[in-house]
J.: 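Just passing along the structure, written as structure tokens.
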Amino acid sequence: VQLQASGGGLVQVGGSLRLSCVASGIALSSYATAWYRQVPGNQRELVAGIGYEGRTTYTDSVKGRFTISRDNAKDTLYLQMTSLRPEDTTVYYCNVRRLGTGWGDRVEGYWGQGTLVTVSS
């Protein structure tokens, strides 16, 4: 299984980016998928996830600004980010995990290599 994340870069405050994560060796339709990001203390914070029946969840700080989506035919996960803020600056990781695994489990499943988002003020 491989997850290839892309789409990070440098953007100004208020700008937008779309992250992509292409999966190979696994069918995303049978799994939960998510984006996490690195936070101080070398921890990973859930940004957004898609679980059972396509239900989505978002961390409070990105609600209304970020949208997670998935194209099962292409086995690709997306994160559309708008109204970006300096505090969104960090490395973002895509994740594929078993359905029913709690989002708080930060080691479960497969992980992409990370893509850096930098928001300049």
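These numbers come from the heavy atoms of this one structure, side chains and all, not from hydrogens, waters or symmetry mates.
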J.: Between Asn95 and Gly112, is there a donor-acceptor pair closer than 3.5 Å when you use the side chain of the first and the backbone of the second?
T.: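 Not a single qualifying donor-acceptor pair exists.
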J.: Determine whether more than 12 heavy atoms belonging to other residues, nucleotides or ligands lie under 6.0 Å from atom CD of Gln113.
T.: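 Yes.
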J.: Pairs of donor and acceptor atoms involving the side chains of residues 4-21, under 3.5 Å and at least two apart or interchain, shall be tabulated with distances.
T.:
none

J.: What is the distance from atom OG1 of Thr56 to atom CD1 of Ile68, rounded to the nearest 0.5 Å?
T.: 8.0 Å
J.: Going by side chain to side chain donor-acceptor pair (under 3.5 Å), name the residues that satisfy it together with Arg44, two or more places apart in sequence or in a different chain.
T.: none
J.: Please report the closest heavy-atom contact between Arg37 and Ser61, naming both atoms and the distance.
T.: NH2-OG, 3.2 Å
J.: Other members of the hydrophobic cluster containing Tyr78, with the 4.5 Å side-chain heavy-atom rule, please.
T.: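 Members other than Tyr78 - counting any ILVMFWY side chain reachable under 4.5 Å - there are none.
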J.: Quick one: CG on Leu84 to OG on Ser120, what's the gap to the nearest 0.5 Å?
T.: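 Answer rounded to 0.5 Å: 10.5 Å.
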J.: Under 3.5 Å, is there a donor-acceptor pair between the side chain of Tyr58 and the main chain of Gly64?
T.: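 Not at all, since once roles are kept as given, no pair shorter than 3.5 Å links the two residues.
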J.: How many angstroms lie between CG in Leu77 and SG in Cys94, if you round to the nearest 0.5 Å?
T.: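 Separation between the atoms: 6.5 Å.
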J.: Report the residues that fulfil side chain to side chain donor-acceptor pair (under 3.5 Å) with Asp71, sequence neighbours left out, ordered by chain and then residue number.
T.: none
J.: Can you tell me how far CG of Leu3 sits from CG of Leu28, rounded to the nearest 0.5 angstrom?
T.: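 Those atoms lie 7.5 Å apart.
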J.: When Ile, Leu, Val, Met, Phe, Trp and Tyr are grouped by side-chain heavy atoms lying under 4.5 Å apart, directly or through other members, which residues fall in the same group as Tyr93?
T.: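 Result for Tyr93 is Tyr36, Leu46, Val91, Trp103, Trp111, Leu116.
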J.: Going from OG1 on Thr101 to CD on Glu108, what distance comes out if it is rounded to the nearest 0.5 angstrom?
T.: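 Between atom OG1 of Thr101 and atom CD of Glu108 there are 4.0 Å.
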J.: Taking C-beta and beyond as the side chain, do Val47 and Leu79 meet within less than 4.5 Å on heavy atoms?
T.: yes
J.: Give the minimum heavy-atom separation between Thr82 and Arg65, together with the two atoms involved.
T.: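 Closest heavy-atom pair between Thr82 and Arg65: OG1-O, 2.6 Å.
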J.: Any donor-acceptor pair under 3.5 Å linking the side chain of Arg97 with the backbone of Gly102?
T.: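 Confirmed, Arg97 side chain pairs with Gly102 backbone.
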J.: Identify the residue among Thr90, Thr89, Asp88 that makes a side-chain contact (heavy atoms from CB on, under 4.5 Å) with Thr118.
T.: Thr89
J.: Donor-acceptor pair, Thr57 side chain versus Ala48 backbone, under 3.5 Å?
T.: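 Not at all, since once roles are kept as given, no pair shorter than 3.5 Å links the two residues.
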J.: Other members of the hydrophobic cluster containing Leu99, with the 4.5 Å side-chain heavy-atom rule, please.
T.: Tyr52
J.: What distance separates Phe66 CZ from Trp35 CH2, expressed to the nearest 0.5 Å?
T.: 11.5 Å
